[in-house]
Amino acid sequence: MAIAVFDLFFSKELTRKFKAIMALLGLGMLLLFYWQPANFAFSLFKLVDSYWSRYSYLGIFILIFMAGIFYSQVKDKALPLFYGTATFVVIFVIQNWKNLTSKGVVYTVLSTAVTAGLLIFYEKAGKQGMRKLALLALAGLLLTEFAYNAKKLWATYKDDYKVARVDEFVAYSSQQEKQIAALKKYDPGDCRVSQTSTRLKLRMNLTAAYNEGLAYNYWPIASYVSSQDPKQLHFLESVGYRSAAQRVTIVNTSVLGADSLLGVKYVLTGQALPGLEKTSLPAANGKSVYRNPYALPLAFSSQNDAGHPSYSGNPFAYQEKAYSQLLGKKLTLYKRVAYKKTVQAGKVTYVLNSKDKKNPLYGNLPWSQAGDNVLEINGKVLSNYAGWLSPSVFFIPVQKQTRVTLKTKTPNAYQAQFYQLDLQKLAKASQEIQAKAIKQISFKGPRITFSVIGKKGKASYAYLEVPVKSGWKATNNGKKAEISSYLGTFMKFKLKPGVNKIQLTYTVPKLNLGSLISGLAALVLLLVAFWPKIRQRSRK
């Protein structure tokens, strides 16, 4: 295909004007991939900095289109094939001058030369039998390339993504589906669910498989989406769940204060964590179902006007600010844990001053410089830290001598934060909000409805732990209602005295405009396709 694109420009049968148009088309395609302003506009003014191949289908379509013109419109193909292939090989060799001896470069040059040779042989062969032989050879070459690429892909997925055993995938999926089904039967209400591990693990216990909530149909707090909502990412980072590349939320532990604030009622984990209560539900894939008794309801009312607390780089302080605003009084949920720091060659160690095993202890090491570091908790490797897919806040089991060790070349790039959550204070704060839960609430498709009583003589508010998005529209007692926000991301409604019947409906933003544009584009394509026949009939 690629050589045919070059061949097109060496054909004498195509006009210069047509070649110029094809050159501009090819140049436009290259600019979309390699010129930053065009790439940024093409990406809908969003940062795109990984997995470039996901957009290559558009470029491939243009190449196929140009190659198709050459093979369908040009009759004398032999000389253009020779000159086009030679040009392609020269450019490719110059591009890969420093890696000429690598297998990939050698195989590409050889396969390109053989393919072009067979195509020229096909064009020059006079007998039908020789042409069929050339076609068989081309088919064999194509199948060989497919097999080689499949082998390389298999090696990558087998080693990096552990998908070599289909039965393992089936077993994991089956167990996970049964566990979620059992959980929904155990608690049929609407609630968020989190988990501390997934099926796939990369090196150092990290993973990018954060879409199991989507796969197994439950409401998670982790996700991996190409176009994330920046407000939601910022909020999750503020409570301790780091994001990476503006598209993935890293959740491989349970930060109980954050989970409770988010309404996470159940956690799937293989580790007994202080504060979580193990249920009678069966374990699956090494994960038991734990209930979070401190989880806030997804909807509740209050006379406190919560707003948007500032985040200063400390997720524990931010959680306290959020609870304080919701309750209308200053809360101190976390206790700072003192530590002794020692720096040796290639590592920094923190010995924590805490003997309390009843309350969960957390650490966070905000970094000013990323690196390929190793985090150890009490002598056991937890994960990579300060790198791609690594977490920020981590749970620390309290021992006789609790140690956190970071193997790093840059020990001064970290500002340690160690805090212990007071479960009694969290319980009191949660119970106060749970007592005001809105129980008459329905989640059905794109519609949310609930009823709540507004107090007389004092402002009242309804809080809904659903992210604010432009597609939501609200009514209160049938009249248009304003949707405001709290904590930078969730919905808040100012209530009127008496009964407030609030209904929320979601529609895809710009759906009507997009449908109109698509319809007009389809109409133009139909006119272009049938215009010759329409003109013929009009002339008759």
Side-chain angles (χ1 to χ4, degrees), residues 47 49-51 160-162 192-216 218-264 267-271 273 287 292 311 313-316 318-319 360 362-377 380-396 404 406 408 413-417 419 467 488-489:
L47 180 65
D49 56 5
S50 66
Y51 300 106
D160 293 346
Y161 299 101
K162 310 287 189 301
R192 289 195 171 100
V193 178
S194 184
Q195 64 175 5
T196 61
S197 63
T198 65
R199 184 179 69 88
L200 298 179
K201 278 188 179 181
L202 305 178
R203 67 184 188 89
M204 301 300 296
N205 297 323
L206 299 180
T207 184
Y210 285 114
N211 281 336
E212 289 199 0
L214 179 65
Y216 304 111
Y218 63 87
W219 294 358
I221 58 174
S223 63
Y224 193 155
V225 183
S226 295
S227 185
Q228 286 270 30
D229 186 322
K231 291 182 180 179
Q232 294 177 36
L233 288 180
H234 178 70
F235 171 72
L236 288 166
E237 283 191 328
S238 299
V239 297
Y241 290 119
R242 176 177 171 253
S243 65
Q246 299 181 9
R247 59 179 57 89
V248 55
T249 303
I250 300 162
V251 180
N252 50 23
T253 190
S254 174
V255 184
L256 197 54
D259 284 358
S260 302
L261 190 62
L262 285 159
V264 175
V267 178
L268 314 180
T269 180
Q271 182 181 19
L273 300 170
K287 293 173 284 190
N292 175 13
Y311 176 63
N314 188 322
F316 311 105
Y318 181 87
Q319 291 175 41
Y362 302 101
N364 185 36
L365 304 173
W367 58 85
S368 59
Q369 184 177 343
D372 189 18
N373 310 305
V374 178
L375 180 64
E376 293 182 357
I377 309 296
K380 294 182 179 179
V381 173
L382 179 66
S383 70
N384 174 269
Y385 201 77
W388 169 244
L389 295 177
S390 63
S392 52
V393 175
F394 49 91
F395 170 72
I396 308 170
V404 175
L406 186 67
T408 176
Y414 304 87
Q415 298 296 322
Q417 298 171 354
Y419 286 83
T489 186

Examine distances only and state if a side-chain atom of [X] and a backbone atom of [Y] form a donor-acceptor pair shorter than 3.5 Å.
{"X": "S392", "Y": "G240", "answer": "yes"}
{"X": "Y241", "Y": "N252", "answer": "no"}
{"X": "Q369", "Y": "A413", "answer": "no"}
{"X": "R242", "Y": "S390", "answer": "yes"}
{"X": "N205", "Y": "L382", "answer": "yes"}
{"X": "S260", "Y": "G257", "answer": "no"}
{"X": "N373", "Y": "A386", "answer": "no"}
{"X": "K287", "Y": "Q195", "answer": "no"}

Go through it in stages, so that I can follow the logic: the residues are L273 and L256, the test is side-chain contact (heavy atoms from CB on, under 4.5 Å), and I'd like the CA-CA distance, side-chain angles, deciding distance and then a yes or no. CA-CA 9 Å; L273 300 170; L256 197 54; over 6 Å; no
Test log, rule side-chain contact (heavy atoms from CB on, under 4.5 Å), inputs V225 and R247: CA-CA 5 Å; V225 183; R247 59 179 57 89; 5.9 Å; no
How about [X] and [Y]: do any of their side-chain heavy atoms sit closer than 4.5 Å?
{"X": "Y218", "Y": "P220", "value": "yes"}
{"X": "V374", "Y": "V381", "value": "yes"}
{"X": "E237", "Y": "Y311", "value": "no"}
{"X": "F235", "Y": "L262", "value": "yes"}
{"X": "T249", "Y": "I221", "value": "no"}
{"X": "P315", "Y": "V239", "value": "no"}

Considering residues at least two apart in sequence or located in another chain, which fulfil the ring pair (Phe, Tyr, Trp, His ring centres under 6.0 Å) criterion with Y414? none
Partner set under ring pair (Phe, Tyr, Trp, His ring centres under 6.0 Å) for Y210, not counting sequence neighbours: none
First locate atom CD of Q415, then atom CG of L365, and finally report the distance between them rounded to the nearest 0.5 Å. 10.0 Å
Can you sort out the partners of [X] under side chain to side chain donor-acceptor pair (under 3.5 Å), two or more places apart, ordered by chain and number?
{"X": "D372", "value": "R203, N384"}
{"X": "T207", "value": "T198"}
{"X": "S223", "value": "Q228"}

So which heavy atom on A245 is nearest to which on W388, and how close? CB-CZ3, 3.7 Å
Nearest heavy-atom contact between S243 and L233 is CB-CD2, 3.8 Å
Is a donor from one side chain sitting under 3.5 angstrom from an acceptor on the other, for D259 and S194? no
ring-ring contact (aromatic ring centres under 6.0 Å, His included) test vs F394 passes for just one of Y385, Y419, Y362, namely Y385
side-chain contact (heavy atoms from CB on, under 4.5 Å) between D229 and T489: does it pass, once the steps are laid out? CA-CA 10 Å; D229 186 322; T489 186; 5.9 Å; no
P366: what forms a side-chain contact (heavy atoms from CB on, under 4.5 Å) with it, not counting sequence neighbours? N364, Q417
